[in-house]
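Beneath this line is the structure, given in structure tokens, with notes to follow.
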There are 2 protein chains.
Amino acid sequence: MTKILNDAEDFATTALAGFANVYSRYVHLVRGGVIRSTRVPRGKVSVIVGGGSGHYPAFAGYVGPGMADAAVAGEIFASPSTAAIARVCRKAEQGGGILLGFGNYAGDVLNFGVAAERLRAEGIDVRIVTVTDDVASAPADRQIQRRGIAGDFMVFKIAGAVAEAGMSLAEVEYVTRHANARTMSLGVAFGGCTLPGSKEPLFTIPTGRMAVGLGIHGEPGIQERGLVSATELSTLLVDTLLKERPAGGKQAAVLLNGLGATKYEELFVLWNIVEKTLGSHDVEIVGAEVGEFVTSLDMQGCSLTIMWLDDELERLWLAPCDTPIFRRGETFPTERIDAAPKDEDEAPIYPPSSEASKRDATCLAVLFDAIVDALENAEQELGLMDAHAGDGDHGQGMRRGATAAKEAFHTAVASGAGAKSALAAAGDAWADRAGGTSGAIWGLLLRSWSGALSDADRLNASVIAKGARAAADDVTRIGGAKIGDKTLVDALVPFVDALEKNLSEGQPLSKAWSAAATVAQAAAEATAPLSPRLGRARPLAERSIGHPDPGAISLALIAKNIATRLSK
Amino acid sequence: MTKILNDAEDFATTALAGFANVYSRYVHLVRGGVIRSTRVPRGKVSVIVGGGSGHYPAFAGYVGPGMADAAVAGEIFASPSTAAIARVCRKAEQGGGILLGFGNYAGDVLNFGVAAERLRAEGIDVRIVTVTDDVASAPADRQIQRRGIAGDFMVFKIAGAVAEAGMSLAEVEYVTRHANARTMSLGVAFGGCTLPGSKEPLFTIPTGRMAVGLGIHGEPGIQERGLVSATELSTLLVDTLLKERPAGGKQAAVLLNGLGATKYEELFVLWNIVEKTLGSHDVEIVGAEVGEFVTSLDMQGCSLTIMWLDDELERLWLAPCDTPIFRRGETFPTERIDAAPKDEDEAPIYPPSSEASKRDATCLAVLFDAIVDALENAEQELGLMDAHAGDGDHGQGMRRGATAAKEAFHTAVASGAGAKSALAAAGDAWADRAGGTSGAIWGLLLRSWSGALSDADRLNASVIAKGARAAADDVTRIGGAKIGDKTLVDALVPFVDALEKNLSEGQPLSKAWSAAATVAQAAAEATAPLSPRLGRARPLAERSIGHPDPGAISLALIAKNIATRLSK
């Protein structure tokens, strides 16, 4: 567990700053990430990677000639915010367009996806490749649903090599997708990891057992079984991966990755056997790598990744590369850029607003106090609820996001913003500061809701209902969850349905809202599953039985606290 | 703890083989170590480093252009044997002489020292630099008594750079000593490490506490205290090291080293503060490194090392270097050597022997059965005894060494060796296979004893007494321990005294030996200390109270079992 820290809250950003200081010859620190500190040819495709922190050297350690141009870093195990992704991209972009690479996780898909849309709206060509190498997370015929683990490193290495060769964005995208399609991993874990500031590990594996196919944040795998010898472990990993050997697959790039607390000596012992096991199956290993490439804090375990090479992939895999944690071949002639690009002036300018809308905004500000109060009181409980199925940081993220939203709202009101602009600013702040999936969802929810409002006209019940419907629609559409998926949507949609119905029946807002909040509460509690729902691994899957979804509960809690404030 | 292994017995050698396979572009595996697999200019000084295993990337990871020419690897936390060191040196030597670099530990000093003597006898110029950077292990005015920890990496980097520049052996030795004198480290540990195959950690640190100045094998430190914030930890490390800042010391190479289970993110968090703390003391950091450079299996903790630079050291510290785990600057033009040098024909040739001496040898062979029996039965108990003060591998090492000695003796007898040659061969095998301090001591003991014997004349009581005295003298002189130091010497010297006296009084051998064995037994038991003797750290120091020295107990046990066999 983490022993060196000042404040768990700023652990990830401090670690990134320390990294950037040590490796200043490779990177400049910018808000939310790092970009190369050496000159990049104008017009080169920018390969920008990222995800949550806690996976060092993923992803900041990959930045340098021959690999990534920039990396975006979220909080520990949480996706970076849309705003952070867009910000880092703008600083790294060189006129050749951007390839965004990240592992396939809901929060990252959402945040990188929305960031890509924003950048495209600004005239930057952005393509996305999500890495989907973990064979334990979905069957071969649903490869696009698989999550990304240590394959990230290999796929990004290929992307970086194609971009460095001066190929077009379309070519970089094509080859990177091709590389991802030919990359498969399987991992095992012997012990759980502990979040900075936590006393207990995120999950545990009983002594003498191992979890096969466990994800890099403790997501469930295929099975739990007794520990085996290094030879049996090699057979398990190799045999599983060879089931997806493509026709004619012979040359393979191979990566044996340690998750954090499994030491190099152990990896080398295993490698000594894996190398022979692969050889006995007539696999020709090219450029093997053994070490820590995608970790999971101090998790005990390892994964084996195979990328099946063709001539082009082999050339790209072996191409020179010079990053803080991985060097291959000749060094690059580099020209250092002394200063990081300045942060653009981020003091927002609000559109003109009417006095009426300003007064509405001042009234709405009070509601943000209610939201923050609700979440501060419930932070610990929400965290515990989340720990049953997720990584236990839901309460922390919600409190952080809501506080930032409240501050942004107050700032906007003080700067003369109308209700629409102030609410939009609050949404952006929430997403930016909370990070992760719930941050992105709440940012989207507030921003969509604000779309129905105005900076000129008075706020009324009908506008509020329209905003609520827009929020529910966008969250459902862009977030990709539907009712019954046991997410915030399970509470949001019934809430909006009830609010709309109550208002259409002529109920006053405070009564209509209050009744809808009660509906949301019941719906949120009904998300408590009665049987395992997260996969086949035990005891991980069982932890969520009987516990409601914390996202849905948060929403109901916020709705209820606003109802109380409205009734005053 | 170690989860990936087949057999704890061959863990270290298998890990080394796996390492050499992955990094075959840098190294060839040879028996007991690795040597560069790229051509080295004829006449260049060879920098050869080494020590126990379990410290990856120390020491095999340091081999490559700009740093080491070869690394010798012992068993986990145990010095490599004299024979292994000499063998690896012979393979790496290029006619320019050898600088041997290792951390200051008794076993390494003994084995590298004896190996150097053997190589010098063969006409190879060998110099030794022991690294003594750990300020917690002795005061500044006794720097040469300090043990070596993460400073190893920095001192070896300097040695490699001087040698690569084509300087003479004398110059390499001089500059390396100079670098060592200006290198200081202090470490802290938060949790103990576990030996492969063990279920329990070698030592523990209570929750919420940290051990300041702990060595890389769990040796005691300065104090145990409560965990502190990252900022306080930075102050503690920096302030302690700055106490030994040399006059005019301004430029400093700095290394923040992780011990194994303390993750990179934590190291970067700490670095972010250390960098500022050093800056506030007007220290100018040159080429900082943060990461795992000298580990201790899965120990939790870190150390800070400062090497105070002058112009020459600064140039050498920043000089290009290309090893499996550390690359700096431009790459080297390298020419690969496809095959490792063949192991020399090691089938020993024995000098001619008389039939009488052959018969004596056959009789002596039975005694080795007694030795192995004794140690096999006592292996676990000796291990437990050792765990109170050391790393718990004494029983294992003794059994391994004795078994190898027995086999070597039988082989020698079968090949027609006389008593003297067979006993010498047994001693060499013991040292080679057991490793560590006890292996070296037993190798020396048997070899010295054999010096009194003959391959021609019959064995008699006077020859045996002469051999015993020679063994006791050499072990005391070369091993550097005297009576009262609580080592094997405490039992060996009284045993030899008694044997000599009993034989001189005309007692028959079996009776004289038996009585001497009883004396040895009592002396061994008397090594149980009544108060802490290992330093000032708790609870480590207290563990040895009331427990006898396992080396002395082993000797008594062997003497007793031989007595039983002699009386038959």
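Letters go in sequence order (proteins before strands), and every chain restarts at 1.
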Below 4.5 Å, heavy atoms only, C-beta onward: do I273(B) and N6(A) meet side chain to side chain?
yes
Are the side chain of E266(B) and the backbone N or O of I4(A) linked by a donor-acceptor pair below 3.5 Å?
yes
For residues 191-200 of chain B, which side-chain donor-acceptor pairs fall under 3.5 Å, sequence neighbours excluded?
none

Out of T13(A), T231(A), V228(A), D298(A), which one racks up the most heavy-atom pairs below 4.5 Å with chain B?
T231(A)
If you count heavy-atom pairs under 4.5 Å with chain A, which of G61(B), G329(B), A261(B) comes out on top?
G329(B)
Once you measure the plane-to-plane angle for Y56(A) and F268(B), does it fall in the parallel (<30°), tilted (30-60°) or perpendicular (>60°) bin?
perpendicular
V269(B) and D10(A), any side-chain heavy atoms less than 4.5 Å apart:
no
Under the 3.5 angstrom rule, does the side chain of K263(B) hit a backbone N or O of G260(A) as a donor-acceptor pair?
yes
Heavy-atom cut-off 4.5 Å, strictly under: side chain, backbone, both or neither for E232(B) against chain A?
neither
Bottom line for A17(B): the part with an atom under 4.5 Å from chain A's heavy atoms is both
Let me know if Y23(B) has heavy atoms under 4.5 Å from chain A in its side chain, its backbone, both or neither.
side chain
If you tally heavy-atom pairs under 4.5 Å against chain B, which of A20(A), G54(A), S53(A), P57(A) wins?
G54(A)
Residue pair A15(B) / E265(A): nearest heavy atoms and the distance that separates them
CB-O, 3.5 Å
Looking at OG1 of T295(A) and OH of Y264(B), how far apart are the two atoms once the value is rounded to the nearest 0.5 Å?
10.0 Å
Counting heavy-atom pairs closer than 4.5 Å to chain A, which one of C302(B), A230(B), G287(B), S229(B) comes out on top?
A230(B)
Region of T2(B) that comes under 4.5 Å of a non-hydrogen atom in chain A
both
Would you say that L227(A) contacts K3(B) through its side chain, given a criterion of any heavy-atom pair below 4.5 Å between the two side chains?
yes
Once rounded to the nearest 0.5 Å, what's the spacing between atom CD of E292(B) and atom CD of E292(A)?
5.5 Å
E275(B) portion near chain A, given a 4.5 angstrom heavy-atom threshold
side chain
